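The figures that follow rest on heavy atoms only: side chains count, while hydrogens, waters and symmetry mates do not. This structure is a prediction, so every number in the text was calculated from the model and none was measured.
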Amino acid sequence: MKLFKKKEKGFESKRVGVISDIDYKQKSVKIVYWLIFVFAVLVAFVCIAPPLWVILSSFKDTKEFYQIPPTLFPKTWDFSKLTNAWKTLDFLKYYKNTFIITIGSILSAIIFNGLAGYVLSKLKPKGWTVVFAVIMGSMMIPAQVSMVPTYINIVNLHMLNTYWPMILMAGYNAFLTIVFKSFFDGIPSALIEAAQIDGCTRLGVFFRIVLPLSKAVMFTAAILSFNAAWGDFFWPLLVLKDRSVYTIMVEVYTVQQNIAQDQALIILTFAIIPPAIMFVFFQKYIMQGMTMSGIKG
């Protein structure tokens with residue numbers, strides 16, 4: 001909990017949140033507080049234990065890896081396994097392929113979903129309420145319903161074995177569109193009107209006025225798009241035919257059937273590290289973007 005000092009009518013408060021200092025002095029409230037705290041710690045451990053075990057097991061030698069009972073922390077750290085697997089499997093190539101899709105997906109998500117949110121929030125053409133209702137309703141449609149029509153369109157547009165399907169699909173995300181719209185609703189319309197009076201076009205207003213004021217929600221969209229694109233397995237497996245253009249997730253699936261189990265954990269470690277680093281350093285922007293856009297929970 002965040003702490004700060006605030007004097008009000010002779011009372012100095014240091015606790016901010018659901019439970020105040022006065023409530024916390026009650027024994028029953030204190031017990032509930034610590035029960036919730038312990039439960040949250042257990043949930044966090046359950047969530048972090050599997051990837052932590054994968055990462056630590058990748059440093060074990062083969063004998064220790066197959067040891068019964070298994071160990072959590074390696075007795076001997078074999079870092080050479082990581083470098084050997086990286087060179088042997090040529091993971092730099094698959095990292096490059098995945099980063100191409102990831103960067104393209106981030107740009108597509110910010111530009112197209114941002115434009116959709118801008119139109120629904122500020123321009124509001126005739127029939128925008130119907131469009132907004134359709135976007136909201138599309139979130140209730142299972143993704144499996146659109147798989148076959150989407151794949152048929154990819155084939156008809158001759159986009160098989162290219163990265164364009166994954167990049168373009170990131171440009172339509174109903175959730176991000178709603179997040180952008182909610183955030184743009186808080187931008188004063190006077191700024192947009194002033195820019196238009198100065199001769200700025202509607203697209204110019206979006207790129208020069210709206211987006212620079214929306215860094216928090218842009219970070220949110222970028223992080224969510226990064227994780228979705230990096231972890232996407234189904235569409236790259238379906239669209240990409242040549243191994244030279246495989247993403248890291250498809251390569252992990254392809255090679256793990258032909259290598260030892262301890263080596264499979266090494267390549268899983270390679271796949272886990274980038275999104276984990278991304279989340280650790282930029283998680284605060286997710287909360288800022290959600291809070292400032294009015295999306296709760």
Side-chain angles (χ1 to χ4, degrees), residues 51 54 58 82-116 134-135 138-139 141-177 180 218 220-261 263-279:
V54 169
S58 63
L82 297 179
T83 57
N84 292 336
W86 181 272
K87 295 177 181 179
T88 302
L89 300 175
D90 194 15
F91 257 80
L92 181 60
K93 174 175 64 177
Y94 304 111
Y95 261 58
K96 290 179 180 178
N97 296 341
T98 309
F99 271 112
I100 291 173
I101 294 179
T102 301
I103 294 173
S105 298
I106 291 174
L107 294 176
S108 179
I110 292 176
I111 293 174
F112 294 112
N113 293 307
L115 281 171
V134 171
I135 293 175
S138 67
M139 297 181 65
I141 301 175
Q144 292 80 359
V145 174
S146 60
M147 286 180 179
V148 174
T150 302
Y151 183 76
I152 293 175
N153 288 333
I154 292 173
V155 174
N156 292 337
L157 293 174
H158 305 289
M159 290 194 296
L160 283 178
N161 209 39
T162 69
Y163 300 140
W164 285 111
M166 285 70 73
I167 294 174
L168 293 177
M169 279 189 282
Y172 173 73
N173 187 304
F175 175 74
L176 288 182
T177 300
F180 273 110
M218 286 173 61
T220 301
I223 295 169
L224 296 178
S225 300
F226 180 93
N227 287 332
W230 188 273
D232 190 12
F233 169 74
F234 177 79
W235 283 111
L237 178 66
L238 201 62
V239 172
L240 304 177
K241 304 300 181 182
D242 296 336
R243 191 169 184 177
S244 61
V245 295
Y246 276 3
T247 63
I248 191 169
M249 291 301 174
V250 179
E251 178 63 14
V252 167
Y253 171 76
T254 303
V255 302
Q256 69 178 353
Q257 303 173 4
N258 304 319
I259 60 177
Q261 191 65 32
Q263 289 183 321
L265 293 184
I266 294 176
I267 62 177
L268 285 176
T269 301
F270 292 152
I272 290 173
I273 289 176
I277 293 175
M278 186 78 170
F279 181 80

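Between Pro165 and Leu238, every side-chain heavy-atom pair lies at or beyond the 4.5 Å cut-off. Proximity of Ile267 to Glu251: side-chain heavy atoms (C-beta onward) are nowhere separated by under 4.5 Å. Within the 4.5 Å cutoff, the side chain of Trp164 has no heavy atoms near those of the His158 side chain.
Rounded to the nearest 0.5 Å, atoms OG1 (Thr102) and OH (Tyr95) are 11.0 Å apart. How far CD1 of Ile248 is from CG of Asp232: 13.5 Å, rounded to the nearest 0.5 Å. Separation of atoms CE (Met218) and CG (Leu176) is listed at 12.5 Å; rounding is to 0.5 Å. Between atom CD1 of residue Ile106 and atom CD1 of residue Ile101 there is a gap of 12.0 Å, rounded to the nearest 0.5 Å. Considering CG of Leu160 and CG of Leu240, their distance stands at 9.0 Å, rounded to 0.5 Å.
Remark: the backbone N or O of Gly171 is paired with a side-chain donor or acceptor of Ser108 at under 3.5 angstrom. The closest donor-acceptor contact from the side chain of Tyr163 to the backbone of Val245 lies under 3.5 Å. Looking only at distances, a side-chain donor or acceptor of Trp230 sits under 3.5 Å from a matching main-chain atom of Ala271. Under the 3.5 Å distance criterion, the side-chain polar atoms of Ser105 are left unmatched by any main-chain donor or acceptor of Ala170.
Inspection of the Asn97 and Thr247 side chains reveals no N or O donor paired with an N or O acceptor under 3.5 Å. Between the side chains of Asn173 and Asn113, no donor-acceptor pair is found at a separation under 3.5 Å.
Heavy-atom minimum distance, Leu168 versus Met159: CD1-SD, 4.3 Å. When all heavy atoms are compared, the tightest approach of Ala174 to Ile135 is CB-O, 3.6 Å. A pairwise comparison of heavy atoms in Met147 and Phe234 identifies SD-CZ, 3.7 Å as the closest pair. Across every non-hydrogen atom of Thr254 and Tyr246, the tightest pair is OG1-CE2, 3.7 Å.
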Margin query: Run the side-chain contact (heavy atoms from CB on, under 4.5 Å) test on Met249 and Thr98 for me, step by step, so that the C-alpha distance in whole Å, both residues' side-chain angles and the decisive distance to 0.1 Å come before the verdict.
Written below: CA-CA 9 Å; Met249 291 301 174; Thr98 309; over 6 Å; no
Margin query: Test side-chain contact (heavy atoms from CB on, under 4.5 Å) on Arg243 and Val255; report intermediate values, then the result.
Written below: CA-CA 11 Å; Arg243 191 169 184 177; Val255 302; 3.0 Å; yes
Which donor-acceptor pairs under 3.5 Å do the side chains of residues 150-157 make with protein atoms, sequence neighbours left out?
{"from": "Thr150", "atom 1": "OG1", "to": "Ser146", "atom 2": "O", "distance (Å)": "2.6"}
{"from": "Asn153", "atom 1": "ND2", "to": "Pro149", "atom 2": "O", "distance (Å)": "3.3"}
{"from": "Asn156", "atom 1": "ND2", "to": "Ile152", "atom 2": "O", "distance (Å)": "3.2"}

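A 6.0 Å sphere centred on OH of Tyr172 holds more than 12 heavy atoms belonging to other residues, nucleotides or ligands.
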